[in-house]
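Following: one structure in structure tokens, then a few remarks.
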Number of protein chains: 2
Amino acid sequence: MLSQKTKYALKALLYLAQQDENHISRTIEIAEGASIPKKFLEQILLDLKRGHFVGSKQGKFGGYYLLKDKESITLADIHRLFDGAIALLPCASLNFYERCSDCVSESECLLRHGLMIIRDETLKAMQGITIASLVKK
Amino acid sequence: MLSQKTKYALKALLYLAQQDENHISRTIEIAEGASIPKKFLEQILLDLKRGHFVGSKQGKFGGYYLLKDKESITLADIHRLFDGAIALLPCASLNFYERCSDCVSESECLLRHGLMIIRDETLKAMQGITIASLVKK
DNA sequence: TTCAAACCCTACTTCTTTTATAGAGTTTAA
DNA sequence: TTAAACTCTATAAAAGAAGTAGGGTTTGAA
């Protein structure tokens, strides 16, 4: 399941994607437009900025705007930024790989292979959903 | 990600699936065989029993055994029993549907449709992985 | 009939994560 | 110089995960 944070991040990105080109949105504007607590949204936007999904302009008349193309921001990207691995266990993850502490031998693990199949399918589906595809609906 | 509980449940089922037909496994035997804390496993086996995945025999010489066919227990089933919804948000879930409290209109929700596509793909993949398929690896 | 083995059940504790909130700092345009 | 707005860190409250404790109940056999 998505965390509230990831859900808010997606809603914020969708909000930004729906604005006119070159428009800069203030945090309070996004917060009210997408029903997100403002102070919480501040953190989320900073994370999105650090992830290079949005850009910001500081000072008066500042705000946030999409940095990447709507078409190139996928659900997989945002999930990874806020909720981490797509795979069901770290040992089956591409980007967040970690060995199971209680696993005697990874090659003999009965679970891992199946989880990697699921990861591949889920990842493919998540990479197919972009901010652009969601806005177009 | 899978909770530890779900992971343990799968490991316990795999253990049971690897025993001879008609063999009854005691909790302590499964716990040691699959590296699961015994008292925690007790709860998990009870949940699996209530979900009709395993059967039990009480009293001396009692224990647990698979109730369903190895082929008919899927990863989706076990995920749902312990970790709940497969979908990324309750509003996109088949078995754990719940309306988003902050969603003005479900039909106008930009997120929901995309999440349902992902749910369908993930579910299909998870239903394809059975205890039997994992043991055969 | 008694006893021990083993499942059954509920409550509790501890730890971590999530979901925020608070408040001060920094930058910028007018 | 000032106000608007982003930036950053710390803290708090609530929820959930993971595991522990301690009985209760059932069953087979001596």
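Quick note: numbers below take in every heavy atom, side chains included, and nothing from hydrogens, waters or symmetry partners. We name chains A, B, ... by the order of the sequence lines, and we start the count at 1 in each one.
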OP1 or OP2 of [N] sitting under 4.0 Å from any side-chain N/O of [X]?
{"X": "A/Thr27", "N": "D/dC6", "result": "yes"}
{"X": "A/Lys49", "N": "D/dT7", "result": "yes"}
{"X": "A/Arg50", "N": "D/dT7", "result": "no"}

Quick one, [X] and [Y] - any side-chain contact, counting heavy atoms below 4.5 Å?
{"X": "A/Ile73", "Y": "A/Thr130", "result": "no"}
{"X": "A/Tyr15", "Y": "B/Leu110", "result": "no"}
{"X": "A/Met126", "Y": "A/Thr74", "result": "no"}
{"X": "A/Phe61", "Y": "A/Ile24", "result": "no"}
{"X": "A/Phe53", "Y": "A/Ile78", "result": "yes"}

Nearest-angstrom distance from the residue atom [atom1] of [X] to [atom2] of [N]:
{"X": "B/Ile28", "N": "C/dC7", "atom1": "CD1", "atom2": "P", "value": "9 Å"}
{"X": "B/Leu45", "N": "C/dC8", "atom1": "CG", "atom2": "P", "value": "9 Å"}
{"X": "A/Asp47", "N": "C/dT18", "atom1": "CG", "atom2": "C1'", "value": "14 Å"}
{"X": "A/Leu48", "N": "D/dC6", "atom1": "CG", "atom2": "C1'", "value": "14 Å"}

When you measure from the side chain of [X], which nucleotide among [options] comes out closest?
{"X": "A/Gln4", "options": "C/dT28, C/dT19, C/dC7", "result": "C/dT19"}
{"X": "A/Tyr64", "options": "D/dA29, D/dT7, C/dT19", "result": "D/dT7"}
{"X": "B/Ser56", "options": "D/dC8, C/dC7, C/dA20", "result": "C/dC7"}
{"X": "A/Lys5", "options": "D/dA18, D/dT27, C/dT19", "result": "C/dT19"}

Sugar-phosphate only, base, or nothing, as touched by A/Tyr8 at under 4.0 Å among non-hydrogen atoms: sugar-phosphate

Within the sub-3.5 Å range, which N or O atoms of nucleotides 22-27 of chain C have a protein N or O partner, and how far apart are they?
{"residue": "C/dG23", "atom": "N7", "partner": "A/Lys39", "partner atom": "NZ", "Å": "3.4"}
{"residue": "C/dG23", "atom": "O6", "partner": "A/Lys39", "partner atom": "NZ", "Å": "2.4"}

A/Tyr65-A/Gln19 side chain donor-acceptor pair, cut-off 3.5 Å: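 Note: A/Tyr65 and A/Gln19 side chains miss the donor-acceptor criterion.
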
Atom CD of B/Glu71: over 12 foreign heavy atoms under 6.0 Å: yes

